[in-house]
Structure formats: structure tokens, C-alpha cells
> 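Handing you a structure now.
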Amino acid sequence: MPLALVLALREMRGGLRGFYVFLACIALGTGTIAAVNSLAFGLTDGIRAEGQAILGGDAAFSLIHRQASAEERAFLEARGAVSTVATLRAMARTLDGERQSLVELKGIDGAYPLYGAASLRSGEALQAVLAPAPEGEPVPAVVEPSFLETTGLAVGDDFALGRVEARVAGVIAREPDRLSGGIAFGPRVMVPIGALERAGLVGVGSLVRWRYRLAGRDGPLPDDALKALVREAGEAFPSAGWRIETRTEAAPGLERSIDRFAQFLTLVGLTSLAVGGVGVANAVRAYLARKRQTIATLRALGAPGRLVFATYFVQIVLLAAIGIAVGLVLGALAPPLAAAFLADLLPVSGLMRVFPGALALAALYGLLTAVAFAIWPLASAYAVRPSALFRDEGPAPKSPIRWRFVAATGGAIALLAALAVAAAYDRWLAAIYVGAAAAVFLTLRVVALLIVAGARALPRSGSTVVRLAIANIHRRGALTPTVTLSLGLSLTLLVTLSLVDGNLRRTLLSRLPAEAPSFFFLDIQDSERDAFAAALTALAPTAELRTQPMLRGRIVAINGTRSEDWPDTEASWVLRGDRGITYDQALPANSEVVTGAWWPPEGPAGNELSFASDLAGELGVGVGDVVRINVLGREVEATISNLRTVEWETLSINFVMIFSPNVFAGAPHAHLATLTFPGGAGEEQELALLREVSAEFPTVTAIRVKEALETVNGVVQDLVTAIRAAAALTLIASVLVLAGTLAASHRARIYDAVILKTLGARRRTLIGAYTLEYLILGGTAALFGVGAGVVAARFIAVELMELEFVFLPLAALSAVALAVAIAVALGLVGTWRALGEQPARVLRNL
Amino acid sequence: MADEAMIAVRDAWLTYGRGASAVSVLRGASLDVPAGQSLAVTGPSGSGKSTLLMVLGGLERPDRGAVSVAGENLVALSEDALTAFRGRSMGIVFQSFHLIPTMTALENVAVPLELAHAPAPRERALAELAAVGLADRADHYPAELSGGEQQRVAIARALAPRPAVLLADEPTGNLDEATGAEIADLMFASCRERGQTLVLVTHDMALAAQCARIVRVSEGRIAEFAVGEAAA
Ligand SMILES: Nc1ncnc2c1ncn2[C@@H]1O[C@H](COP(=O)(O)OP(=O)(O)OP(=O)(O)O)[C@@H](O)[C@H]1O
Ligand SMILES: [Mg+2]
């Protein structure tokens, strides 16, 4: 065994005392990163593994507005088993007309599901329960439990769905392809696909999504067959306008969200590690201070500085290994634990195992952090001279800077930063994070130096209390740098988190603007538009009704470049799925043209469109660019003739693209309407209106804005809770470090305090001096924390969460004041108690 | 004579601090100690006895002057070379023992042997412990030993590498008279048996009188105190 290891093991016989904060910091940071990455890997694996079930087939072809043509169907059926599923939003009402619910309706055929298993709570077979009913009988429907809650119906009861009666025939226990839909605004209701037509829900231009799922007839289609299928479909039907997805990318949006969230949580983990690093440095420094005598003895007995350094370095690495091991255990336990909570939301089948890659990455982070933060204080082992054994030399004298250690520390930190950036989903964000963290550390260092220099430069005060406090701040071996760093970091984190949290809550709780509409109505057929308008004017004479033609279309190409090949930007989502589009003769009232010109009232000569200016900027398109779009299975081209402002947050009808009316002349389509009560409407008024409208126009889908917002807010609220829980980890780390720093300072000063007391200093004087010292340090750290916290919170809120940022002075300042008060109190209680006892007792126990 | 000296200090000057707070501790100190001699260093508190010992041990470099021990010019050696030389040729005993608290008595004694990569360090360490009468306490930690026992372990540790020179700074200062005498006997016996050169700093004139020669440090110089006193 190498000598350094032998000596290190002997030194560690003292146990882990003094290293609990060190261990906790490393374990917490490593554990967070291990857990986050394991979860991300596992969920992504799950999505991949369950890809066929989520997608509903080996491949899925989806169309909006229209069904596949006979040729298209034939093409698909020639290549495998096909299952057709149609999804749409529709209204369900109780037969007495008292209650209604927006539902996520899904029509299934006899082949559903091609993959995975759908099941009912009763245990009956889905297909048997949903066997198409004969004419005149109610349509069988299976529903999610929440549908029964909102409508008050039970299994066996009848309800109205569009123009037909339906009967609750069962309760859904498991729907294998549930994740392929977007955010659900209502409970799922499943009916036989033929019932949609009977219910009058598939009119011209209705927002029905038709999905044709394809599976190999004898076993899953092999990958190359899948590739060939996609290619052949493109060749055979170049302008079908269908979106083709394959099992390898069943839920790309979900995967992206998981990656993004994992990225955010990784930053949280890195923050705990960075804060923990300070704990590491403090622990190592304190440890070496305790070991000075031993080190000096080893040196006197002929141990070279290198060996001494190696001995303590090995100890730190061994301790870090213990912390890392604890962290990895926690990290490995996280996925199965999370599976229990997420089973209803996400494919968790991938979570029941250990993720060696994620654990290795976390271990590497932990080790690098320990090394990066330990080398510098360890270098002081070199400064310990054997002459310390002849007389107590007090704090080690300043040793010359050793460039080897500067280089080693720099190297470890650079590696850590490089790893953080390289392993990140969003490298740019990670780079910004690393830069910001470095800036915070450096600035706190400078702040500490300034405090010391300031204290030294102050004239001698006449007051003993002030003199003692000032001297404590700048004397050799003062705690100023460590306390400033720990306190500054904690306060920065605290301010950042409280401001982000405050802004999130403010956004969530912010009331709807008074002019926000009460309702969105979808799928108003062209033929019933006038009757609908007349009825609503009669029902709500004071309210303002606006209608707008509504089609869905997909951008196929811009200037001949296919959407898939367009450079990736923040606004790429515009190019991915299909978007609501409209046409209009006039510029919307709340918009302004910023570039180009709106078409003349008589209409332009060619096909033109207006693009939302902010998205155009992000996407990199402008006036003169030609957009090719697929609508209703037809491809049309139009030239961007102007960019206009859009106030997305007003919740009125907003479209990314508005076309000139000539583009869609004669195309069948439905309408979208909003109804706005001046000054808003009460719950009663809205529900009454909803009853009337859904009775009179059963196929029009009514979305109550307040309810929809609640649904969205519910999702956001869950996210906020997750963010808070994660953020709490960094706070725990910072509190640990701060407590460790204060405990160390407490130990260091009790001795001073007791000696001073035996020399006649009164308890009040000493406590006064220490309070003043802490207040000066705490006040400066608080100033810094508020400043840095505001900058960080602003960045997170505006750049990452796309929220409006408001400085909430009360939240920030009260958090800081409380933290400083607690820190000072904690720092003083122990000293106060020690001063209350007989000096001799304390001295003997030191 | 100078050629045969185990220790030779020539005109050593050493000043601590700078400017107004400077303390000039050694001011032209010179000393020759022949191999195998036992030398007592006395002098008032603060006169520079410990400083002189540190200079002899290569723990402190004089600002000016020459120091050679066992033929090595300490002033010219690099820090690492000095460390290695100390481990090989010098044993040091301190007033407050300075055993390593996390190591057993045996391990404490074995450390310098391990550091020098000597063969069979544990066996040799055990022999040294036996020589100071502590073979049965080998597995005890310093905290479990009395002050006198700790100092015996420290002496065993200093002697284990068979150094040419033994430096001791008030080794009995923290012990009662009887224990102190035992410790002193141990050191003198070892030096006699192994022909070691001993430099012993002490306030205790009775102890000093047991040495072959006594010098006195004062005003930064070294003067013979009682030349020719009969050795014990
Ligand atoms: N690092 C230092 N800076 C300034 N002066 C120092 C330093 N170390 C020692 N001194 C001074 O050098 C002088 C000699 O100290 P030394 O320890 O050698 O005395 P000593 O003779 O061993 O005293 P004692 O018998 O009390 O142990 C003392 O006056 C001491 O104050
Ligand atoms: Mg002394």
C-alpha cells in the first residue's frame, strides 16, 4: 500500500467528526444529479420502449379536417393492419340540460388498440362494451372517472353528445395511447368511431384529427420497412398534408419537455454542488487547522511536503467517495420512487432499474467538486512548518502562492464547467450558468477583501465594542472570507428563489384582464353561423361576439426549404404541427403593421399573408418570403406582405398567420367565435349561457375561458410545486454550509471569548462586539445577495420561464432580513451560553 | 578539529520580522560539537535556545553564516533534501511530545522508518519501544499514555532511524522530577551506546551537569559555560 494511503487511513481513525457538512453537501449534490439524470433517462427509455403503444402503431398518419381518401387508405392497408382513431373536443350534456362538460372525445374502430392494452375498471373487454349500437339505441361510451364527477352521472346513465344520446357503458382504467394527445381540457370519452358522424360532430372544417395507425400484420414492422413506408408515402401522396410519426419518435414533444426539465433540475443539482463546494472547502480548511500539529510532526520526522499533501488529499477523496456513495444510493432510489407518483402521467416502465450512466456522471460531478474545492485549502498543508512544534505559531503565515495548486484548482474547475456544459441539453444555458456562478464566487471574494480592507482602514473607535468588532473582521485568520462567501451565497439563492417564486405566483394568481372573453366557441359550421350569432345576441345582448373563419394548416416549406430542414429556433414549434389559420380583409383591431403593408380592401393581386412580427423575427422570415401551407389536403403558396404585432396575452382571437381572403375563396371551413362581456361575467351568467348554447347548438364546442385557464394553471401549479421542491434542495445545501461555517466560527471564538472574559471583558461587551461583527458581514452579504439575486431571478423568469418580471421588494427584503437575523442569532447563542458558564469549565473542555 | 565536528555553526545571524518589530535572535553565533559529545544549551528565556536548535535541525535557515551537520552544508540544501536529511540523520524530541494522536505508539515510532523506506519498520519500531520499556503499550494511542510514557515514545521515535544527532528541546520540562530523570537517563544511555551526538536545551542545571559540556546562549552568541566539567 502506498505510504500516503497508509497515513491517510490512520488519520481517518478519528472518524467522520467535523465532516458531516462535507458529506451532506457532496451527497446532496451528487444525489440530485444522479436522481435527475436517472429519471430523465428512464422516462425517455420508457417513451421509446412504449413508443408503439403511445403512438398506437408502428407508424401513425394524422390528418386534420379531412379523412383519408380511398387511395390513401388503400395505400396504408396494403402495408399492414390499420386502425382509425378520431379525436376532437366536444360537448356532453346531461339529458335534463342542467350540467355539461367539455370532453376530449375519441372515436375508435374495431382494431383499436393495435399495441398495448386498453382496459375498463369493470374488467370487461373494451371492444365488447363499445360494440356499435343499432340505430335508435344510445351510443355506448366509456369515460374517465372525472367525467362522472363533473356530470353527476353513473355507469348506465344516458347523456347527450352532439346530436345523439349516449350511454355510460364503462369507466376507463387504462388507455395505452393517452400520451399522444396534447393537454386535456376535459375528461376522455371514447365512443365507436361511427358515432361521431351520427352525432353531427364531423362537419366540414370541424377540428377533428384523424389518425391512421399502422402495424405490421405479422409482428412489428422492421425499421427499414418503416423507413421505406415513410418514403413511399411521401412519394405517392406528396401533398396529402398528413403528419407521419413512427414509433421511434412517439412523443417528441414530451421527450423535449423531459430533457428541458432535466436540464433545469441539473442546474439545481449543480447549484447544490457549487454551494456544497464551499462547505467542502470550509471543512477541509477547519480540518487542516486541527491537524497542524500532526502535519508539523510528520514534516519534522522527514515527510516531504508532497507526501503530506498526498496524505490529506487521499483522505478528502475517500471522504468524498463516502458522500458520493450515499448520493448515488439516493439517486438510484429516486426513479422507482418517482414511478409510484408519476404512474398516471408518464410512461414509467423504464424507471424500474438502475442507470449506471447517470450514476457515473453524478459521481464524476461529485468527485470533481470535492477536488476542485479541496485542493486550495489542502495546499496550506505545505505552509505548515515543523518549527510550529517549538512554539505555538497561531494562524499559518501567508505562504507564497503556489502556482501548481492554482493550476490544479483551475484545471478541476475548468473540467467541472466543461462537464456541466458538455452534458447539458441546452449548452448555451449551461454556459451562462457556469459564467454566472463564477461571477458570484469571484465577486463575493472581492467583497470579502473590501470588507477587510475597509475595517483595517477605519480609525480606532473609542467604544470597546466597536473596536473589538472591527478588529475581529480584519485580524489574521478572521472568518470574514468564509462567512461572507457562505452567507452571500445563501442570501443570493434565497433572494433568487423567493423572487422567482413570487413572480410565478403573481402570474398564476393574476386575474384575467377585464376585457378577456368568457367563451371560445369552436366548430361553428358556415351554415349555422348566422343563426348562432343571432341566438347569442339574443341571449347576451350586452356582450360582444366576434367570429373569425378558422382552418388548420401546416407550413410545408418556406422559400422552397422544407419545414423539417429549416434551422432550429425558439419559434420552431410554429413549423412543427398544424396551426390555426384564418383569413381577413382587414387588420385586426388590436394589431399594428410594423413592416410591409396590409392588403388593400379590394384584396391583393396574388396570395398574401400577414405573419406575427415577434415569431417572424425568431423564425427568421420576413416580408417577401414565400410560405407554402397545406390546408384540407391542398397546398397553397402565399407571400408574406407584412408583419404585424400580436398581443398574445389578451386572450382574444390571435393567429400567427392571417391570409388574404382570396387564398381560401370557396374552401369549406368552420368558424371560431369569442364572446366577451364588458366588465366580465359572473359564474351564474356564464353557466346559464352555456346551458342554452349547448342545447341549441349541440355540435358547437364551447370552451369556458375560466375553466380552461384553471386546467392550464393546474398543470403549471404542478410544475411550480416540482420547481419549488427542487429549489428547496439548493436551500438545504446552503443552510447546511452556513450552519457549518457558523459552527466553525463559534468554536474558534469561544476560546477568545472565554480568555477575554477571564481578563475582565463583560459578557455584554463581547456579545455586542460579535453581534456588530455579524451585522456588518450580514449586511454586506445581504446587499450583495439582493443585487445578485435580482439579476439571477430576472434571468430565470424572463429568459427561461418567459414570465414578466417584477421586483418584489417585500419578498426579497423580508427573506434576507429573516435570514440574517437567524444567522446572527445562531452565531451568538452558543457563545452566549459559553460565556454564562465558569471560564475554567470551558477552558478545560476546549 | 573542525573537520571532525559533527555539528559546526559559523557566525550565524538570524533576525525575525522586519523594520521596527524586528527581533535579532542570533548575532554571530558559532558552535562546534564533536561527534559523540553530549552538549547542554542553557540561557535565559527568549535568548534564542529553541531558535538555535531549529537552525541545527534545518528547520530554520540563518540569514547569514554557515551550518553543517554530519558533513552536510544545511544552508545549501533544498527544502526537500533537508527534509530527507532530517529524516535520516536527525532525531528531535520536543517539550510537549508531539505524538500523532491518530496513531498508536508503535505506529508513531514506525513513521520515520516508513518515511525513510527502511525495511521492516514495524519490527524495528517494536524493538525501539521495548528499549524504552513500552513494548506492552505498543497498541495504545497517545491519549491513553501518561506524559512520561508519551515522552518515552517520542524518544523511541527520535531514535528509531538511528540518527547521528539527537536534538532535544526541554524534553523534561513537562514532567515531574523523577520521570524527568528517567527520560534523561534513557537519552544519555542511548547516546552512549550508539555514539550519538546530543544537543539538549534545558533550564535544569542538574540535568545540564550530566552533559559533557555546557554552553550558554546570550545576546545572540554562544559562550562556553563550564568547560571541562566532568561527564556523568
Ligand atoms: N516568528 C517570530 N517573529 C518574531 N520574533 C520571534 C519569532 N519567533 C521567535 N521570536 C523571538 O525570538 C526570540 C528567541 O525565541 P526562542 O524561542 O528561541 O527563545 P528560547 O530561548 O527558546 O526561550 P524559552 O526558554 O522561553 O523557550 C524570542 O525573543 C522570540 O520573541
Ligand atoms: Mg524555547
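None of these values were measured; they are calculated from a predicted model. Proteins come first, then strands; the chains are lettered A, B, ... in the order of their sequence lines, and each starts at number 1.
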> Can you name the closest pair of heavy atoms from V308(A) and A303(A) and give their distance?
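What the structure gives for the nearest pair is CG2-CB, 4.1 Å.
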
> Does a salt bridge link E128(B) with R152(B), judged by any charged N lying under 4.0 Å from a carboxylate O?
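Salt bridge between E128(B) and R152(B), a charged N being under 4.0 Å from a carboxylate O: no.
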
> Please classify the contact of L82(B) with chain A as side chain, backbone, both or neither, using a heavy-atom distance under 4.5 Å.
neither

> May I ask you to decide whether E114(B) forms a salt bridge with R10(A), counting only side-chain N to carboxylate O separations under 4.0 Å?
yes

> Between E219(B) and R27(B), does any NZ, NE, NH1 or NH2 come within less than 4.0 Å of an OD or OE carboxylate oxygen?
no

> Side chain, backbone, both or neither: which part of L307(A) has a heavy atom under 4.5 Å from chain B?
side chain

> Go through the side-chain N and O atoms of T15(B) and S24(B) and say whether any donor and acceptor fall under 3.5 Å apart.
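A donor-acceptor contact under 3.5 Å links the two side chains.
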
> So what's closer than 4.5 Å to chain A heavy atoms on F85(B): side chain, backbone, both or neither?
neither

> Name the region of E11(A), side chain, backbone, both or neither, that has any atom closer than 4.5 Å to a heavy atom of chain B.
both

> With chain A as the partner, which of Q95(B), M90(B), R88(B), M103(B) has the greatest number of non-hydrogen pairs under 4.5 Å?
M103(B)

> So what's closer than 4.5 Å to chain A heavy atoms on E107(B): side chain, backbone, both or neither?
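Both the backbone and the side chain of E107(B) come within 4.5 Å of chain A.
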
> Is it true that R306(A) and D80(B) make a salt bridge, defined as a side-chain N closer than 4.0 Å to a carboxylate O?
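A salt bridge is present here (some side-chain N lies under 4.0 Å from a carboxylate O).
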
> Counting only heavy atoms closer than 4.5 Å, note whether T294(A) contacts chain B via side chain, backbone, both or neither.
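T294(A) touches chain B through backbone and side-chain heavy atoms alike.
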
> Can you tell which of L3(A), V6(A), L7(A) has the highest number of heavy-atom pairs within less than 4.5 Å of chain B?
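With the most close heavy-atom pairs to chain B, the winner is L3(A).
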
